[in-house]
Amino acid sequence: MRGIDIALIGLGLLTGAAPALAQDEGQEIIVTAARNSPGYTSDGEPLPVAVKPAPALRLRRTADFAVQSVRIIGDTRDEAKRREEIYAMLKGAIALAGKHGVELATGDYIVEPLTPANYRNLILEQDDDREDAEEATFLVKTPLTKGADAKAALDRITKFVQAVPAVGRAEIEAEGDLTLSVVGPDQYRGQIVDLVAADAAKVAAKFGPGQGVIVNGLDRPVEWSRVGLTEVSLYLPVSYSVVPKP
């Protein structure tokens, strides 16, 4: 087995692939029901199409947060007053969040905290149906632990939304379905590589002691998909071939 492991590492260096694209260690990423990946390099170039790995090569774990999209909408006719009401309600929501075990954030892909220091940077969008209405859309998230109940997480968020005091004509409401987020997906690279190495070694052993493996894709960023109400699947887009040892 040790000989196969060494072949795995050594042959992996012969692929000539570029170094892995860096992910910030603490970067929080939204995980939707569909398969997700970083999608683009740091230079804005699209990544190659990934090879979908076997389920055995995926690390399944509980997501770090349950995430709900929420909006505050105001329709006061006076624009300045309308915007002040929306931001005031948002400020109140931030102040109330901790008491309900939730956090406020922004982002469609990378999640950033929404705080008393930056909430006025949130851009108000015009409502599609009414010219005199604007809305602020943001995220409400709550931590998940192993074995967490999605319904309990949703109930916590719902109670928070219902508790936020109205300001003027501004109102708050949840929109869309509950989704998930993971903090620092690339921190699990080592565990995923261990899964790949164990699987490759097991397969190579079936072909005899003189066999090793060539692995492609180990240099790629960790990718992810949602696989349950509170669970995500983390993996590397790898493929490998069994070959005679040199």
Side-chain angles (χ1 to χ4, degrees), residues 24 26-40 63-144 150-185 224-226 229-230 232:
D24 291 345
Q27 197 172 70
E28 184 179 348
I29 305 296
I30 291 289
V31 179
T32 62
R35 172 182 170 277
N36 282 266
S37 71
Y40 296 88
D64 292 301
F65 291 92
V67 183
Q68 176 69 58
S69 179
V70 173
R71 70 172 185 167
I72 294 175
I73 184 168
D75 62 357
T76 297
R77 287 186 176 274
D78 180 78
E79 182 181 278
K81 186 176 180 181
R82 176 174 70 239
R83 293 182 175 182
E84 191 56 40
E85 289 175 351
I86 293 173
Y87 281 124
M89 193 169 182
L90 180 56
K91 182 180 180 181
I94 295 171
L96 192 63
K99 297 178 182 178
H100 287 263
V102 302
E103 301 173 32
L104 270 60
T106 63
D108 297 323
Y109 172 68
I110 298 173
V111 180
E112 299 288 348
L114 191 60
T115 70
N118 67 10
Y119 75 96
R120 281 191 172 271
N121 295 334
L122 193 64
I123 297 174
L124 303 185
E125 302 287 346
Q126 185 174 325
D127 185 77
D128 293 335
D129 299 323
R130 293 176 291 175
E131 292 184 1
D132 60 351
E134 291 179 290
E135 61 185 51
T137 301
F138 54 97
L139 305 173
V140 177
K141 61 177 191 168
T142 188
L144 294 172
K151 184 178 183 304
L154 181 58
D155 287 346
R156 195 177 309 133
I157 293 173
T158 300
K159 288 178 181 178
F160 162 73
V161 170
Q162 293 172 344
V164 177
V167 177
R169 291 182 59 84
E171 298 178 346
I172 187 171
E173 63 182 16
E175 56 178 4
D177 297 324
L178 194 71
T179 187
L180 306 173
S181 69
V182 176
V183 177
W224 49 84
S225 62
R226 183 173 179 175
L229 293 177
T230 60
V232 296

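Only heavy atoms go into these numbers, but all of them, side chains included; no hydrogens, no water, no symmetry mates. Since we're looking at a predicted model, the values are computed, not measured.
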Of all heavy-atom pairs between [X] and [Y], which one has the smallest distance, and what is that distance?
X      : Y      : answer
Gln68  : Glu175 : NE2-O, 2.9 Å
Ala97  : Leu104 : CB-CD1, 3.8 Å
Ala170 : Ile72  : CB-CG2, 4.2 Å
Met89  : Ala166 : CE-CA, 3.7 Å
Gly74  : Ile86  : N-CD1, 3.7 Å
Leu144 : Ala63  : CB-O, 3.4 Å

Rounded at 0.5 Å granularity, tell me how far [atom1] in [X] sits from [atom2] in [Y].
X      : Y      : atom1 : atom2 : answer
Arg226 : Ile30  : CZ    : CD1   : 10.5 Å
Ile172 : Gln162 : CD1   : CD    : 10.5 Å
His100 : Ile157 : NE2   : CD1   : 12.5 Å

| request: Kindly say whether Phe138 contributes a backbone atom to a donor-acceptor pair with the side chain of Thr106 at under 3.5 angstrom? | output: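 No.
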
| query | Do Thr142 side-chain atoms and Gly101 backbone N/O form a donor-acceptor pair below 3.5 Å? | reply |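 It does hold such a pair.
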
Using a strict threshold of under 4.0 Å (side-chain N to carboxylate O), is an ion pair present between [Y] and [X]?
X      : Y      : value
Glu84  : Arg120 : yes
Asp155 : Lys151 : yes
Glu85  : Arg169 : no

Whether over 12 other heavy atoms sit under 6.0 Å from [X] [atom1]:
X      : atom1 : result
Leu122 : CG    : yes
Asp108 : CG    : no
Asp78  : CG    : yes

Would you call [X] and [Y] a side-chain contact if the rule is heavy atoms closer than 4.5 Å?
X      : Y      : result
Arg71  : Glu173 : yes
Asn118 : Glu112 : no
Val111 : Ile29  : no
Leu114 : Tyr119 : yes

| said: Pair Ile110, Gln27 - check side-chain contact (heavy atoms from CB on, under 4.5 Å), show working. | reply: CA-CA 7 Å; Ile110 298 173; Gln27 197 172 70; 3.6 Å; yes

| task | Decide yes or no on side-chain contact (heavy atoms from CB on, under 4.5 Å) for Asp64 and Glu28, but give the supporting numbers first. | result | CA-CA 9 Å; Asp64 292 301; Glu28 184 179 348; 6.0 Å; no

| field | Criterion side-chain contact (heavy atoms from CB on, under 4.5 Å) on Tyr87 and Val167, from CA distance to verdict | value | CA-CA 9 Å; Tyr87 281 124; Val167 177; over 6 Å; no

